[in-house]
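First the structure, in the form of structure tokens, and then the observations on it.
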Amino acid sequence: NAGVTQTPKFQVLKTGQSMTLQCAQDMNHEYMSWYRQDPGMGLRLIHYSVGAGITDQGEVPNGYNVSRSTTEDFPLRLLSAAPSQTSVYFCASSSDRNGNTIYFGEGSWLTVV
Amino acid sequence: AQSVTQLGSHVSVSEGALVLLRCNYSSSVPPYLFWYVQYPNQGLQLLLKYTTGATLVKGINGFEAEFKKSETSFHLTKPSAHMSDAAEYFCAVTKSWGSGGSNYKLTFGKGTLLTVNP
């Protein structure tokens, strides 16, 4: 079972570059979300989606863009990378709105220099 | 608003000793509560969760947690620590979100790093 797949696992970007973190799930889940993890901060929600064509902002959305054209995919775009976006990014999906059963991807380690 | 407080960013125990990681939440309604573990350079793994029913929840690797509504706590325990338990542990609670509060998001604590000494 693939579950939630994130790519790339590691990436180094220069300030100002753009890139897309890919997230795909094969469980037909409606709910997907992106979190970033920073030391001492836990995980913070960036953007989330409750179904294809529907997205909304989380706690820390600035500098990021998302779209949800299909149920399976939920890419996260960094528009113009900044050193403050150096972080570990996690994609998650769930079949229910209460987060009772949530699956996380393996994470994407991003460094912006 | 719901938030999660983990008391102690770093806990150190000896191998074989009791592990106690503390988590308190603020919530106006009974929440769903979770504990996740993260080993170095890896993703998150669900240890256990409380949704409804029995307030003492048993998870993987010998961990358990008790939901105490009166204390708004969900502390994680393990009777005897192993070296392999060294990791970072996150407590999380679901929070209603979005228009009309009809959806959820997980709110995480800031994490507790557990080290186990030989």
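A, B, ... follow the sequence lines: proteins, then strands. Residue 1 opens every chain.
Shown here is A:Tyr103, whose OH atom has no more than 12 heavy atoms of other residues, nucleotides or ligands within 6.0 Å. More than 12 heavy atoms of other residues, nucleotides or ligands sit less than 6.0 Å from atom CD of B:Glu66. Counting heavy-atom neighbours within 6.0 Å of A:Lys9 NZ, excluding the residue itself, gives a total above 12.
Per-residue heavy-atom pair counts under 4.5 Å with chain A were compared for B:Leu113, B:Leu46, B:Asn41, and the maximum is reached by B:Asn41.
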Inset, instruction - Just do the side-chain contact (heavy atoms from CB on, under 4.5 Å) check on A:Phe90 and B:Gln38 with the steps written out, would you? - result: CA-CA 12 Å; A:Phe90 289 97; B:Gln38 185 180 35; 3.4 Å; yes
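Interface residue A:Gln37: only side-chain heavy atoms are found under 4.5 Å from chain B. Within the 4.5 angstrom heavy-atom criterion, no atom of B:Ser9 approaches chain A.
Going from atom CZ of A:Phe104 over to atom OH of B:Tyr36 covers 4.5 Å, rounded to the nearest 0.5 Å.
In the hydrophobic cluster analysis, where Ile, Leu, Val, Met, Phe, Trp and Tyr join through side-chain heavy atoms closer than 4.5 angstrom, A:Tyr89 is grouped together with A:Val60.
A search for side-chain contact (heavy atoms from CB on, under 4.5 Å) contacts involving B:Leu18 returns nothing, not counting sequence neighbours.
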